[in-house]
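Here the structure comes first, spelled out in structure tokens, and everything after it is commentary.
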Amino acid sequence: MENLKIDTSRAEMFAGANIVNSMKSELSDAMKKLHEGTGAGNDFIGWVNLPSSITEAELTDIEQAAKAMRSVADYVVVVGIGGSYLGARAVIDGLSNSFDYLVRDRKNPVMIFAGQNIGEDYTAELLEFLEDKSFGVVVISKSGTTTEPAIAFRLLKGLIEKKYSKADAQKRIIAVTDKAKGALRTLADREGYKTFVIPDNVGGRFSVLTPVGLVPIAIAGYDIRQLVGGARDMERLTGTEVPVEQNISCIYAATRNAINRKGKQVEILVNYQPKLHYFTEWWKQLFGESEGKDGKGIFPAGVDFTTDLHSMGQWIQEGVRSIFETVVSVKQPNKKCVIPTDADNLDSLNFLAGKRVDEVNKMAELGTVIAHTDGGVPNIRVEVPQLNEYYFGQMIYFFEKACGISGYLLDVNPFNQPGVEAYKKNMFALLEKPGYEEATKAIKARLK
Ligand code: PA5
């Protein structure tokens with residue numbers, strides 16, 4: 001079985017050869033902090049050994065709840081934001097047939113996401129849409145108090161209760177939250193919803209392999225055992241027994257930090273498969289929240305190629321030389337599509353006749369990498385054998401491990417997110433939330 005591969009040769013021309021060797025002691029130190037729990041944020045490293053510690057009973061419980069939800073709902077709304085949203089969306093979008101949501105007689109429910117914004121049109125249109133549909137809700141919040149999903153859930157719960165009996169509502173709502181704390185836990189226990197627990201020692205952005213990701217992914221019809229299997233194998237491949245020179249998470253973390261130390265402050269994650277758009281969004285949160293603090297951090301951005309070569313390509317090729325790119329390249333497409341020959345050849349495309357679309361995509365990728373490195377954009381390439389559950393599991397754990405290591409290389413606490421509170425405090429003050437009276441006065445005085 002092939003595994004994820006990393007190629008840093010096009011970064012070494014910028015950041016120097018033997019990057020991993022030159023950072024060997026820093027990498028060993030970061031690995032020790034993660035595996036022995038001696039670093040900052042060590043109460044949130046439950047994800048490090050998570051794949052190998054998920055039990056058969058936990059997987060079966062999730063599969064059974066998913067089966068029950070699938071039997072009652074044609075549409076399932078997954079309510080959550082940030083780390084309680086992006087992982088599930090990344091995997092579900094990455095595995096779904098691009099047009100499956102348009103098909104009427106589906107074998108899987110349509111997965112819809114809500115609570116990840118507070119757009120009134122989005123919310124109202126969702127409620128209108130669901131009015132005459134058979135639907136269920138998976139509400140996910142570790143704190144159980146996050147405003148965006150709480151608003152969405154209040155509205156969806158109201159609609160479910162209007163449409164169905166209380167007993168039916170219980171079958172159509174699953175809550176994923178803290179084992180004891182928070183408003184969602186209290187509500188779920190009171191209403192008798194099926195619940196799953198988010199472990200205390202796993203933060204939101206590292207939680208996709210807990211019920212936060214596994215419940216929606218299983219409901220969508222994907223094999224969570226394969227997903228966990230891929231993550232387990234990557235846990236082993238990036239474990240302490242593997243020398244740091246062969247540990248691909250160490251190689252990635254070291255290379256991006258070496259490039260950063262040479263002055264590049266922005267990393268763009270590049271895909272050549274539209275299905276990976278939300279994987280990039282997940283990666284942005286993972287690295288952005290983990291590293292952007294104490295005045296430090298590599299800014300994580302994302303582009304979908306070749307689409308964005310026609311919008312962002314100019315900037316990347318010739319704008320401020322502050323960026324480097326990491327390409328997630330899928331080796332083998334799941335489907336086959338060959339470009340036909342055309343007798344008239346008015347579009348002059350016959351030179352491509354007989355080639356698979358992916359061959360053109362791969363040459364676009366190679367041509368772009370050469371152009372970008374010529375233009376001063378260092379490149380890291382991560383090759384994924386195929387888009388399936390198993391390799392999503394590998395990718396998730398690979399990037400999580402690299403993120404933990406990279407955070408320690410940057411000398412930050414990769415597992416907190418104190419800056420996320422600033423906007424919430426102002427929003428609550430402006431909305432005159434009880435308990436925020438002083439903050440309300442202060443913010444109103446500033447706005448006079
Ligand atoms: O990574 C994080 O901690 C955040 O993005 C949270 O996941 C996000 O704010 C959602 O929080 P909660 O699950 O408590 O509703």
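Order of listing sets the numbers, starting from 1, for every ligand and every atom in it.
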Protein neighbours of ligand 1 with a heavy atom under 4.0 Å, given by chain and number, are I81, G82, G83, S84, S141, K142, S143, T146, G204, R205, Q285, E289, Q417
Who are the side-chain hydrogen bond (donor to acceptor under 3.5 Å, both in side chains) partners of E36, not counting sequence neighbours? none
Set of side-chain hydrogen bond (donor to acceptor under 3.5 Å, both in side chains) partners for E432, sequence neighbours left out: K444
Can a salt bridge be assigned to the pair E26 and R261 using a cut-off of 4.0 Å between side-chain N and carboxylate O? yes
Taking the basic N atoms (NZ, or NE/NH1/NH2) and the acidic carboxylate oxygens, is any pair closer than 4.0 Å for D74 and K133? no
Decide if atom OH of Y423 counts as having more than 12 heavy atoms of other residues, nucleotides or ligands within a radius under 6.0 Å. yes
Can you name the residues that form a ring pair (Phe, Tyr, Trp, His ring centres under 6.0 Å) with F324, not counting sequence neighbours? none
